[in-house]
Structure formats: C-alpha cells, structure tokens
Amino acid sequence: LISQVEAGGEAARDVLRALHPHTGQAHVVGITGAPGAGKSTLILGLTRHLREMDRTVAVVAVDPSSAFTGGALLGDRVRMTALAGDPGVYVRSMATRGQVGGVSRATADVVRVFDGVGYDVVLVETVGAGQLETAVARLVHTTVVVETPGMGDDVQALKAGLLEIADILVVNKSDRPGARQTARMLAAEVEGTTREWRVPVLPVTAVEATGIDAVCTCLGQHRAYLERSGLWVERERGRAKAEFLDALSQALLSRFLTRAGCAQVAGWVERIASREVDVHTLVESLCERGV
Ligand SMILES: Nc1nc2c(ncn2[C@@H]2O[C@H](COP(=O)(O)OP(=O)(O)OP(=O)(O)O)[C@@H](O)[C@H]2O)c(=O)[nH]1
Ligand SMILES: [Mg+2]
C-alpha cells in the first residue's frame, strides 16, 4: 500500500479512498532537530517503550540520512534489529528527492496509510529547521524538538524556528556537560510564550533510554490536551480543508487546460509575453466568459 501511495496517481487514490473512513485515530508525532541530535535513537527508545504499553508504532524517516537499519554494516546508524520481527512495529524511510511540497504530500499520504491500517502512534523523523519541518509540523499532532547541550549563539536562528513549532522540547545527550544549562535556557525561552499548552523541557539520554518514559507521558498529555481543547478536531478540519482545496484546484486546472487545448493556451501565453495583456486581466476575462 505504501509503495502504491508513494507512486501516486490512480492506484494511490484507490488506496487512500479505501482507507479514508478508517483514518483519524492515530497519534501522529513529529520528531525533529539538528543532524545527529539523536532523533533516531530517541525514536528507538520511544518505540520500545510504547510497545511495552502494547501500542503499535509506525516510524517514517523523511530523510535518507535518518535511515534506520536492520543490518550491522552502517556503523552509527540506529539499529532497529531489536524490534525486527515484531508485527506491531513498521519502519519506513522516505527519500527527500523533489520539492518540499511533494515530500510533505507524500509523507502525509504514507502517514495516512499507517493511520488507516490501525497503527496507534506514527513517529515522523525530519532533520533541521527548514521549510520541510514547518510543512511536516502541519501534518502531525505533536511536534517533539530534539536539542543537545552546548548550543551557541550561532544556532539562535535555528532554535527560534524550531521553538515555534515545538510542543515538547527534549534535551538529548543529557549525559554530556552543559545539559542543565541548556534545559534552563530553553525553559526560560518557553516561559516567554503565551500558549495555553506549556511546552515541557525534558532531559533525555536516548542511548541509555533515560527519560523516555517522561517523553511518553507528555505525548499522552499533549494528545489529551488537543482532544479536550477541541484542537484535535479543529486540526482535522483544517487539514481536510487544505487538502480539499488543493485537490479541487488541481482538478479544475487540469480540466480547464484539457478543454482549452494546447494551442489556445499557447496563444494566451503569447499575448502576455508580448505585453498585449497582463496575467490578471486575461484570467479575469476568461473567468467572466466562463471558459
Ligand atoms: N552521548 C550521547 N550520545 C547520543 C545520545 N543519543 C544519541 N547519541 C549519539 O548521537 C549520534 C547520532 O544519533 P542519531 O540517533 O543517529 O541522531 P539523528 O538525530 O537521528 O541523526 P540524523 O538522522 O543523521 O540527523 C549517534 O552516534 C548516537 O549514538 C545520548 O543520549 N548521549
Ligand atoms: Mg536519524
């Protein structure tokens, strides 16, 4: 199903159509942060913990460098072998080829598949603080931002971007010096915000699985908060609207282009290029004529 959805087109639509009534149950959690912050290690710990609580977990890594591996050849890569053979866990890496828009749409569709087939929790790993994270933040319910001790002023900008989207802040590698200071600094940072949800700052040592239970507890609390406040439903509605309008505009555009025909479209383009008419005037007149 995932391959079909990733490939797009008619087959993808069939899958998503069939799954649609079954979606909307999974808790979708984004795990983001700088390269090497320990996102994959944290995900491994979270997955183990959630499995102990009998929850099924799907993992989507949106960057190839974030890949999880079943083998032993890739050195530092996080090994999911401990979970191999467990039917309650599914791990999928997605290539970032193509544009942010394409990636986030493909990710959204893959997340929907996991949701639709009944995974309780879907963890989505993304790197950095770019457009992709903001796009991914929109498709998840809860965003966990992973920081590490010893952040300098140079990462101030990055930090600001990530702080905006954080629902939970993790200070990973808390076995290292400066962890408390970083946690204090981040706590002061979130103090200043006026959101109803107080962003918790959690010290974690992912390699030793220390602090993982607190992260799980906060994930549950955040989900409860979203449901209680009506934000869960509101978010669902927001997503439905964005997707509907997106699909509608694509469908209308392609229908329009087919009806108009290549030659006519080329003619319109030519009129604009030769300064005979401007884009908006032409579009307006086409709409008025009901073309
Ligand atoms: N000291 C220490 N090292 C850690 C901890 N967690 C992860 N690491 C190490 O940090 C390195 C990166 O860990 P990953 O989990 O691959 O980090 P990542 O954020 O997924 O990395 P990318 O996906 O490549 O961006 C590995 O060598 C881990 O063993 C921790 O709590 N303490
Ligand atoms: Mg990773």
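Atoms within each ligand, like the ligands themselves, are counted from 1 in listed order. These numbers come from the heavy atoms of this one structure, side chains and all, not from hydrogens, waters or symmetry mates. All of these numbers come straight from a predicted model, not from anything done at the bench.
- Shown in contact with T205 at under 4.0 Å from a heavy atom are these atoms of ligand 1, numbered in order with element: 31 (O).
- Atom CG of D278 and atom CZ of R271 lie 10.5 Å apart (nearest 0.5 Å).
- Considering backbone and side-chain atoms alike, P35 places every N or O at 3.5 Å or more from each N or O of ligand 1.
- Remark: ligand 1 and A206 share an N or O pair separated by less than 3.5 Å (distance only, no angle test).
- Residue contacts with ligand 1, taken as heavy atom pairs separated by less than 4.0 Å, do not involve E208 at all.
- Because the distance cut-off is set at 2.8 Å, S40 qualifies as a neighbour of the Mg ion (ligand 2) through one of its N, O or S atoms.
- In this structure, of D175, N172, T210, the residue bringing a heavy atom nearest to atom 1 (N) of ligand 1 is D175.
- The minimum distance between the Mg ion (ligand 2) and any N, O or S atom of E125 involves atom OE2.
- Listed by number with element, the atoms of ligand 1 under 4.0 Å from a non-hydrogen atom of T41 are 7 (C), 13 (O), 14 (P), 15 (O).
- For the pair E52 and R48, the salt-bridge criterion is not met [side-chain N within less than 4.0 Å of a carboxylate O].
- Across V207, V204, I31, heavy-atom proximity to atom 29 (O) of ligand 1 is greatest for V207.
- Around atom CD of E196, no more than 12 heavy atoms belonging to other residues, nucleotides or ligands sit under 6.0 Å away.
- For the residues R176, K39, K173, E125, the heavy atom positioned nearest atom 8 (N) of ligand 1 is part of K173.
- Remark: R235 CZ to H141 NE2 distance equals 6.5 Å, nearest 0.5 Å.
- Annotation: S174 places no N or O atom under 3.5 Å from an N or O atom of ligand 1; distance criterion only.
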